[in-house]
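Both ligands and their constituent atoms are indexed starting at 1 by order of listing.
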Amino acid sequence: MSIQTRLLLVYAAIFGIVYILSSLVVYSLPRNQILAQIDGDLYSLASEVLNSETEFNDATGIIEIPLPEDLATLETASTFMMLVNRDGEIVVSSGNLRGFNTLLDPDGLGQEDVYRLVRHEDTQLRVLTAPLFDNQGQLLGYIQVARLLDNFEVFSRVLARALLISLGTAAASLVVVFIMSSRLFRPLEDITTVARQITRADDLSRRVPHSSRTDEIGDLARAFNQTLERLERLFRSQQRFLADVSHELRTPLTSVRGNLDLMRRFGQYDEESMVVIQDEMERMSRLLGDLLLLARADTGGLPLRHEPVELDNTLFEVYRQISRIEKPVTVELTAVDQAMILGDEDRLKQLLLNLVDNAIKYTQPGGSVRLSLSKDKSWAQLVVSDTGIGIPAEDLPHIFERFYRVDKARSRAQGGSGLGLAIAKWVVQAHGGAIKVDSVVGEGTTFTVTLPLYQVPARPGANGQAADAEIKTRPGLRGRALPGTLRRGQQPNEQE
Ligand code: ADP
């Protein structure tokens with residue numbers, strides 16, 4: 001059952017119950033009140049007549065009731081009165097009943113006072129019939145007093161009509177509500193239709209209408225469109241990623257197959273081909289290693305240690321490692337502050353090696369690479385700058401994307417997979433930091449990494465220095481074997 005039908009049914013049911021109850025109250029309450037008032041008047045009149053000096057003549061069986069003087073005035077009034085003997089015959093009646101030979105209420109004769117509504121042709125009367133007894137309790141006759149109910153009838157008719165009109169109005173309002181609610185729910189139907197079309201056509205570029213509305217339906221349409229946008233972006237990047245991965249794997253495989261074919265055709269071992277094959281295999285294993293790392297990082301399956309790390313020591317270690325490698329550029333440490341952060345030392349080394357590796361790769365022989373570490377308030381700042389080829393401004397916003405390379409051929413020839421900066425960015429973000437790049441084509445590139453400093457917690461009873469000294473001499477952080485040599489297991493001098 002649709003929400004619209006359900007709403008209408010609930011509305012109709014609530015309205016019906018409220019209407020019936022209120023109609024009963026509105027119709028019967030004033031009616032009863034008016035009748036009660038009339039009954040009171042009739043009773044007073046009957047009492048007035050009977051309480052005046054009524055005399056019973058036991059011997060003759062005659063009652064003498066002196067009728068009030070004003071009984072004649074009843075001729076014009078809407079009040080009637082008659083006395084009836086015990087046989088039901090009219091003894092006397094008020095002047096306005098002249099020519100009226102039937103009892104006011106033939107069915108009301110009994111042992112008790114009775115108030116009844118009695119209809120005489122077109123008129124309705126309220127009649128009180130009260131029995132009259134003698135001193136021995138013998139029934140002598142009856143007094144019947146009545147009042148015309150013209151006004152009362154008019155009132156009842158008007159009331160019934162008013163209730164009918166209000167019922168009609170309510171039914172009309174139900175129709176209006178039905179029309180309005182179907183208009184109200186049409187946007188939801190539109191949204192459902194578009195959602196179905198999207199599913200059927202597998203077309204995430206479609207958007208649902210009504211997103212400019214300012215009500216809840218507009219909110220829903222906007223939220224739905226935002227979800228679609230995000231899904232579309234994810235879907236596209238996944239497709240691009242898959243295409244990139246297959247392309248990256250196909251290139252080295254083609255090269256390996258070509259060299260193997262060559263050796264088979266000439267039937268002899270070729271040292272040059274073997275070197276190429278080995279290089280390509282290494283490139284593939286590096287690529288797969290990087291892919292695996294990013295995939296695990298994406299799914300949260302890459303645990304990151306949170307230990308105090310002396311960033312200056314890490315930088316020295318990376319520098320020492322680089323220094324041992326033969327390279328066509330000079331690498332120098334300019335300024336190194338002491339800085340401790342909370343994190344994973346292996347990942348931080350990987351970050352530094354990725355940046356330094358790039359700086360060396362993309363700098364012409366004779367150029368220089370500078371490394372520095374400084375502190376700024378509660379942040380550590382690592383800078384890796386080079387005097388290399390630089391990155392064009394239009395490429396800068398993309399270089400942290402997976403597989404994005406400014407010069408594909410050059411990067412691949414250098415052994416790059418296009419994942420190094422994506423990994424660097426992930427490491428920085430996982431440590432709560434930020435990475436930015438400034439570059440001028442032909443002049444050089446500067447990567448700046450900011451990481452939150454670790455505030456050594458003050459120990460009760462010991463000053464800050466003692467706690468600091470304890471952490472600095474903590475075993476296990478120093479001298480740990482690097483996860484590989486240079487980035488992704490590659491030596492810079494092997495690239496040439
Ligand atoms: P790659 O494996 O291709 O080096 P990265 O993700 O490490 O992949 O880098 C992405 C791209 O950014 C590189 O292909 C290169 O074009 C550019 N790039 C990165 N670092 C530098 C740098 N220091 N100088 C110039 N270009 C750089």
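Contact analysis leaves G388 out of contact with ligand 1, as no non-hydrogen atom separation drops below 4.0 angstrom. Contact between F447 and ligand 1 is present, with at least one heavy atom of the residue lying under 4.0 Å from the ligand. Every heavy atom of R402 sits 4.0 Å or more from the atoms of ligand 1.
For the atom pair CG (N313) and CZ (R320), the distance works out to 7.5 Å, reported to the nearest 0.5 Å. Distance check: K349 NZ to N354 CG gives 14.0 Å after rounding to the nearest 0.5 Å.
Contact check on E345 versus R305 returns no salt bridge, with no Lys/Arg side-chain nitrogen under 4.0 Å from an Asp/Glu carboxylate oxygen. Taking the charged nitrogens against the carboxylate oxygens, R126 and D41 have no contact shorter than 4.0 Å, which rules out a salt bridge. Taking the charged nitrogens against the carboxylate oxygens, E189 and R186 have no contact shorter than 4.0 Å, which rules out a salt bridge.
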Inset, instruction - In sequence, state the C-alpha distance, the side-chain angles, and the governing distance for V336 and Y319, and then conclude on side-chain contact (heavy atoms from CB on, under 4.5 Å). - result: CA-CA 12 Å; V336 181; Y319 175 72; over 6 Å; no

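Listed by number with element, the atoms of ligand 1 under 4.0 angstrom from any heavy atom of I399 are 10 (C), 12 (O). Counting the atoms of ligand 1 from 1 in the order shown, those under 4.0 Å from a heavy atom of Y404 are 10 (C), 11 (C). Each of the atoms 1 (P), 2 (O), 4 (O) of ligand 1 lies under 4.0 Å from some heavy atom of K361.
Taking all heavy atoms of F403, Y362, F400 into account, the minimum distance to atom 15 (C) of ligand 1 is reached by Y362. With D357, L421, I389 as candidates, the residue nearest to atom 5 (P) of ligand 1 on a non-hydrogen basis is L421. The option with the heavy atom closest to atom 1 (P) of ligand 1, from among G418, A359, A422, is G418. Proximity annotation for atom 14 (O) of ligand 1: of K425, R405, R286, H398, R405 comes nearest, heavy atoms only.
Here the side chain of D337 pairs a donor or acceptor atom with the backbone of K375 at under 3.5 angstrom.
Residue contacts with ligand 1 for V406 involve both N, CA, C or O and side-chain atoms from C-beta outward (heavy atoms, distance under 4.0 Å). Heavy atoms of T445 found under 4.0 angstrom from ligand 1 belong exclusively to the side chain. The proximity of D386 to ligand 1, defined as any non-hydrogen pair under 4.0 Å, is limited to the side chain.
In this pair, F403 and F241 present their aromatic rings tilted. The plane angle is within the 30 to 60° band.
Looking at R402, E401, R286 one by one, the single match for side-chain contact (heavy atoms from CB on, under 4.5 Å) with L419 turns out to be R402.
Checked by distance only, ligand 1 and G420 come closer than 3.5 Å through their nitrogen or oxygen atoms.
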